Chemist: 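One structure coming up, written as structure tokens, with questions to follow.
Computed from heavy atoms alone, side chains included, the values below leave out hydrogens, waters and symmetry copies. All of these numbers come straight from a predicted model, not from anything done at the bench.
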Amino acid sequence: EPGWQQPDFDDSKLNITHLDGSVNTPYSEHAPLLIDDDLYFTSLRFEKKKDEHKPSRVISKIVKTNEELSQSVLLQNGKFNSDNLFTSSPTKTEDGNLMIYSVCDYFGGEIRCDLYYSKKTDDSWAEPVRLPVGVNVAGKTQTHPNIGPEKGGKTVLYFSSDRPLGKGGMDIWETSFDSDMNFSEPLRVAKINTVDDDITPFYFKAKNELFFSSNGREGFGAFDIYKATRLGDNYENVTNLGKGINTSYIDMFYSVNKTGEVAHISSNRPGSMYLESKFETCCFDIYKVHNNECVIDLLALTFDDETKADLNGVTLVLKDLNNPDAEDIILTEEEINDFDFVVDCNGKYQITATKDGYLPSSIQIDVAKEMPQDGSPFEKKIYLKPEVDEIVLEVVTLEKATREALAGANVQLVDLESNAVIDIQSNASGGNYSFNVIPGKKYRLIGKKTGYEDYTLDFDIPKNAKGKIKKE
């Protein structure tokens with residue numbers, strides 16, 4: 001059986017709470033997904049309306065509740081939720097305008113599922129559309145969809161399936177789709193699948209981590225929750241999330257909010273609600289996992305140092321200075337100048353910005369000392385200087401009356417845009433001086449010598465200047 005790495009966090013910092021209020025019931029609740037302040041989940045509490053089976057069987061529907069868990073509502077009953085089919089496991093794009101979910105039904109003694117999507121226009125959802133053949137395979141189950149990262153201009157979709165060419169029972173697969181909902185041929189996520197069941201994928205964008213549940217690895221219980229790091233097209237460092245999140249029972253459907261501070265799981269561990277005492281672990285409830293470690297969103301903005309205009313097409317590398325072994329986070333934005341990172345509140349980081357035609361620029365951040373305390377956004381601005389070829393400014397000091405070389409003068413070069421003194425030179429034996437200047441900039445020369453009046457000369461360096469320029 002595949003093994004796993006030890007947990008890389010302190011489980012004493014976890015606070016795990018059973019959700020009451022409008023969420024958990026004596027039936028099963030699962031597939032929690034926190035979007036902004038709303039918690040979406042699936043509940044198996046609804047009676048199938050048209051059922052020849054006696055007694056009537058139950059089906060699931062997608063439910064949404066508010067942050068206070070005080071009120072839950074069905075997600076557009078009739079359009080998403082059917083009175084005779086299972087509806088479950090919703091996932092949404094970041095803009096909230098696309099939802100993909102599972103629709104299932106009884107087939108003899110088993111339940112089979114297919115994937116559907118619906119698009120939102122204004123406040124209205126379109127009629128559901130079944131994902132194409134190739135993603136959905138007849139006679140097999142496709143379920144647990146989760147929208148992942150962008151890849152080559154398309155969006156990755158993870159899901160679980162028992163389709164042919166898998167490694168075991170249920171495997172985790174990925175496909176990608178474009179804005180016209182054209183889907184690629186699904187590929188099995190080979191590195192994380194086992195000969196048993198691997199299910200409930202969830203992708204955490206901030207750290208490029210894929211969470212999933214498996215009963216095919218050495219763990220604490222029947223199904224444990226694991227994570228793997230996505231590196232390009234590969235998945236490495238499979239890690240068990242450890243005791244607390246995992247128990248000797250079934251733990252699955254791990255999902256996390258944007259900051260990584262709050263997660264939810266579904267589990268049939270003791271403490272979950274049930275219909276009959278003799279079936280105490282029959283049913284699944286949703287639990288909130290609060291990580292007491294503090295993280296915060298960091299917005300990095302890139303600008304041209306000369307014009308102060310937004311600078312697109314920059315690559316940023318975020319280095320964790322407190323953890324030299326941590327992998328650098330590398331982001332490139334071709335069409336915008338803002339970058340989103342999730343950083344530790346007590347972390348220290350270095351951000352290095354690069355772009356063709358510009359000099360690299362780096363800043364260091366001590367988050368605890370610099371993050372806002374009033375709840376305002378944590379922003380850092382990075383300015384990149386254009387990469388230009390400097391030219392040589394040759395200066396000769398002369399005595400005004402005789403036009404002969406004047407030794408022993410003190411010459412200053414000042415950048416008129418910033419009023420900064422660029423260089424100061426003296427020459428006791430002659431009247432020749434040499435400075436490096438940048439085409440397109442404005443400068444001032446100030447000449448001084450005891451017994452003589454100060455001399456000031458303002459001038460521009462032409463943008464197309466090359467080689468050397470001489471000033472007297």
Side-chain angles (χ1 to χ4, degrees), residues 94-95 150 153 205-206 296-321 328-343 348-367 369-372 374-395 411-425 433-447 456-471:
E94 287 190 359
D95 61 12
E150 299 297 315
K205 182 178 179 180
I296 187 172
D297 291 325
L298 168 64
L299 176 64
L301 303 163
T302 53
F303 301 91
D304 184 299
D305 185 63
E306 290 191 357
T307 65
K308 311 306 179 189
D310 295 356
L311 188 61
N312 303 340
V314 178
T315 295
L316 294 191
V317 178
L318 178 74
K319 182 180 291 292
D320 188 338
L321 299 180
D328 295 345
I329 297 176
I330 303 173
L331 298 179
T332 301
E333 295 288 1
E334 295 295 342
E335 299 181 355
I336 56 177
N337 77 317
D338 52 281
F339 300 76
D340 294 310
F341 297 100
V342 176
V343 294
K348 295 181 180 179
Y349 299 89
Q350 176 176 292
I351 299 179
T352 301
T354 58
K355 176 180 170 66
D356 289 344
Y358 286 80
L359 298 173
S361 179
S362 295
I363 62 171
Q364 290 194 358
I365 306 167
D366 187 333
V367 180
K369 292 182 179 179
E370 301 177 43
M371 69 179 183
D374 59 359
S376 59
F378 187 22
E379 295 183 356
K380 282 293 177 181
K381 297 180 179 180
I382 306 173
Y383 294 89
L384 285 78
K385 295 180 180 294
E387 193 175 55
V388 295
D389 295 326
E390 293 184 335
I391 63 174
V392 175
L393 172 66
E394 294 183 343
V395 178
V411 180
Q412 295 182 18
L413 178 68
V414 179
D415 183 337
L416 286 180
E417 293 179 6
S418 63
N419 288 321
V421 177
I422 303 301
D423 198 2
I424 302 175
Q425 297 182 20
Y433 305 81
S434 179
F435 300 91
N436 291 327
V437 292
I438 298 174
K441 294 185 72 69
K442 297 180 179 180
Y443 294 95
R444 171 176 293 160
L445 283 171
I446 303 173
T456 299
L457 173 66
D458 293 346
F459 60 96
D460 298 342
I461 303 294
K463 290 184 177 181
N464 59 353
K466 296 182 179 179
K468 298 179 181 180
I469 290 180
K470 188 174 182 179
K471 295 292 181 180

Chemist: Would you tabulate the side-chain donor-acceptor contacts of residues 297-307 under 3.5 Å, counting partners in other chains and residues two or more places apart, or write 'none'?
Modeler:
unit_1, atom_1, unit_2, atom_2, d
Thr302, OG1, Leu311, O, 2.7
Thr302, OG1, Asn337, O, 3.4
Asp304, OD1, Glu306, N, 2.8
Asp304, OD1, Thr307, N, 3.1
Asp304, OD2, Tyr358, OH, 2.7
Asp305, OD2, Lys385, NZ, 2.9
Thr307, OG1, Ala309, N, 3.2

Chemist: Taking side chain as C-beta onward, heavy atoms only, is Ile438 less than 4.5 Å from Ile461?
Modeler: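 Side-chain contact under 4.5 Å: no.
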
Chemist: Ignoring hydrogens, what is the shortest heavy-atom contact between Ile469 and Pro462? Give both atom names and the distance.
Modeler: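 So the minimum-distance heavy-atom pair works out to CD1-CD, 4.1 Å.
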
Chemist: Kindly give the heavy-atom pair with the smallest separation between Lys471 and Leu393, and that separation in Å.
Modeler: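 Of all heavy-atom pairs spanning Lys471 and Leu393, the closest is CG-CD1, 3.5 Å.
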
Chemist: Run the salt bridge (charged side-chain N to carboxylate O under 4.0 Å, His left out) test against Lys381 and tell me which residues pass, sequence neighbours left out.
Modeler: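 Testing Lys381 for salt bridge (charged side-chain N to carboxylate O under 4.0 Å, His left out), a comparison that skips the adjacent residues, returns none.
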
Chemist: With side chains defined as the heavy atoms from C-beta onward, is the minimum distance between Ile365 and Ile351 less than 4.5 Å?
Modeler: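 A side-chain contact under 4.5 Å exists here.
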
Chemist: Please tell me if the side chains of Tyr433 and Leu445 come closer than 4.5 Å, counting only heavy atoms from C-beta onward.
Modeler: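 No - every pair of side-chain heavy atoms lies 4.5 Å or more apart.
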
Chemist: Ala465 and Pro439: which non-hydrogen atoms are nearest, and at how many Å?
Modeler: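 Shortest heavy-atom separation between Ala465 and Pro439 comes out as O-CG, 3.9 Å.
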
Chemist: In Å, rounded to the nearest 0.5 Å, how long is the span from OH of Tyr443 to CD of Gln412?
Modeler: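 Output value for this atom pair is 15.5 Å.
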
Chemist: Is there side-chain contact between Ile363 and Gln350, with at least one heavy-atom pair below 4.5 Å?
Modeler: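 The answer is no, as the side chains (C-beta and beyond) never meet within the 4.5 Å cut-off.
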
Chemist: Just checking Glu94: does its CD atom have more than 12 heavy atoms from other residues, nucleotides or ligands closer to it than 6.0 angstrom?
Modeler: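 No - once you tally the heavy atoms of other residues, nucleotides and ligands closer than 6.0 Å, there are 12 at most.
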
Chemist: List in chain and number order the residues that pass side chain to side chain donor-acceptor pair (under 3.5 Å) with Asn436, two or more places apart in sequence or in another chain; answer none if no residue qualifies.
Modeler: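 Partners of Asn436 by the side chain to side chain donor-acceptor pair (under 3.5 Å) criterion come out as none, since no residue qualifies.
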
Chemist: Is the number of heavy atoms from other residues, nucleotides or ligands under 6.0 Å of Asp356 CG greater than 12?
Modeler: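 No, CG of Asp356 has 12 or fewer neighbouring heavy atoms, counting only those of other groups under 6.0 Å.
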
Chemist: Who passes side chain to side chain donor-acceptor pair (under 3.5 Å) against Glu150, sequence neighbours left out?
Modeler: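 With neighbours one apart ignored, the set is Thr155.
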
Chemist: Yes or no on side-chain hydrogen bond (donor to acceptor under 3.5 Å, both in side chains) for Asp366 and Gln364, after CA distance, side-chain angles and deciding distance?
Modeler: CA-CA 7 Å; Asp366 187 333; Gln364 290 194 358; over 6 Å; no

Chemist: Got a sec, which residues hit salt bridge (charged side-chain N to carboxylate O under 4.0 Å, His left out) with Glu394, two or more places apart in sequence or on another chain?
Modeler: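 Partners of Glu394 under the salt bridge (charged side-chain N to carboxylate O under 4.0 Å, His left out) test: Lys468.
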
Chemist: What residues, two or more places apart in sequence or in another chain, satisfy side chain to side chain donor-acceptor pair (under 3.5 Å) together with Thr354?
Modeler: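 Testing Thr354 for side chain to side chain donor-acceptor pair (under 3.5 Å), a comparison that skips the adjacent residues, returns none.
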
Chemist: Enumerate the salt bridge (charged side-chain N to carboxylate O under 4.0 Å, His left out) contacts for residues 456-465, please, sequence neighbours excluded, ordered by first and then second residue.
Modeler: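 Sorted result for residues 456-465: Arg444-Asp458.
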
Chemist: Treating Ser361 as the side-chain partner and Tyr383 as the backbone partner, does any N or O pair qualify as donor plus acceptor under 3.5 Å?
Modeler: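 Yes, the answer is positive, given that a donor and an acceptor are paired below the 3.5 Å cut-off.
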
Chemist: Looking at residues at least two apart in the chain, or sitting in another chain, which of them share a side-chain contact (heavy atoms from CB on, under 4.5 Å) with Ala353?
Modeler: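 Applying side-chain contact (heavy atoms from CB on, under 4.5 Å) to Ala353 gives Val314, Leu316, Ile382, Leu384.
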
Chemist: Kindly give the heavy-atom pair with the smallest separation between Val392 and Ser434, and that separation in Å.
Modeler: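 Looking at all heavy atoms of both residues, the closest pair is CG1-OG, 3.4 Å.
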
Chemist: Are any of the side-chain heavy atoms of Phe435 and Val411 separated by less than 4.5 Å?
Modeler: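 Yes, their side chains come closer than 4.5 Å.
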
Chemist: Taking only residues two or more places apart in sequence, or in another chain, which ones meet Lys319 in a salt bridge (charged side-chain N to carboxylate O under 4.0 Å, His left out)?
Modeler: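 Applying salt bridge (charged side-chain N to carboxylate O under 4.0 Å, His left out) to Lys319 gives Asp328.
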
Chemist: Of all residues at least two apart in sequence or in a different chain, which pass the salt bridge (charged side-chain N to carboxylate O under 4.0 Å, His left out) check with Asp415?
Modeler: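 Salt bridge (charged side-chain N to carboxylate O under 4.0 Å, His left out) list for Asp415, sorted by chain: Lys441.
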
Chemist: Under a 4.5 Å cut-off applied to non-hydrogen side-chain atoms, are Lys348 and Val367 in contact?
Modeler: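 Not in contact.
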
Chemist: Side chains of Val421 and Leu413: does their closest heavy-atom pair fall under 4.5 Å?
Modeler: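 Answer no - side chains too far apart.
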
Chemist: Do you know which two heavy atoms are closest between Phe378 and Glu370, and how far apart they sit?
Modeler: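 For Phe378 and Glu370, the tightest heavy-atom pair comes out as CE1-O, 3.7 Å.
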
Chemist: Tell me the closest heavy-atom pair linking Leu331 and Asp340, and the distance in Å.
Modeler: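 Nearest pair, atom of Leu331 first, then Asp340: CD1-O, 3.7 Å.
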
Chemist: Taking side chain to side chain donor-acceptor pair (under 3.5 Å) as the test, write out the residues that go with Lys442, two or more places apart.
Modeler: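 By the side chain to side chain donor-acceptor pair (under 3.5 Å) rule, Lys442 matches no residue at all.
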
Chemist: Working to the nearest 0.5 angstrom, can you tell me the gap between Asp310 CG and Lys308 NZ?
Modeler: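 Answer for the CG-NZ pair, Asp310 versus Lys308, is 13.0 Å.
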
Chemist: By side-chain contact (heavy atoms from CB on, under 4.5 Å), which residues pair with Glu333, not counting sequence neighbours?
Modeler: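 Here the qualifying residues are Ile336, Phe339.
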
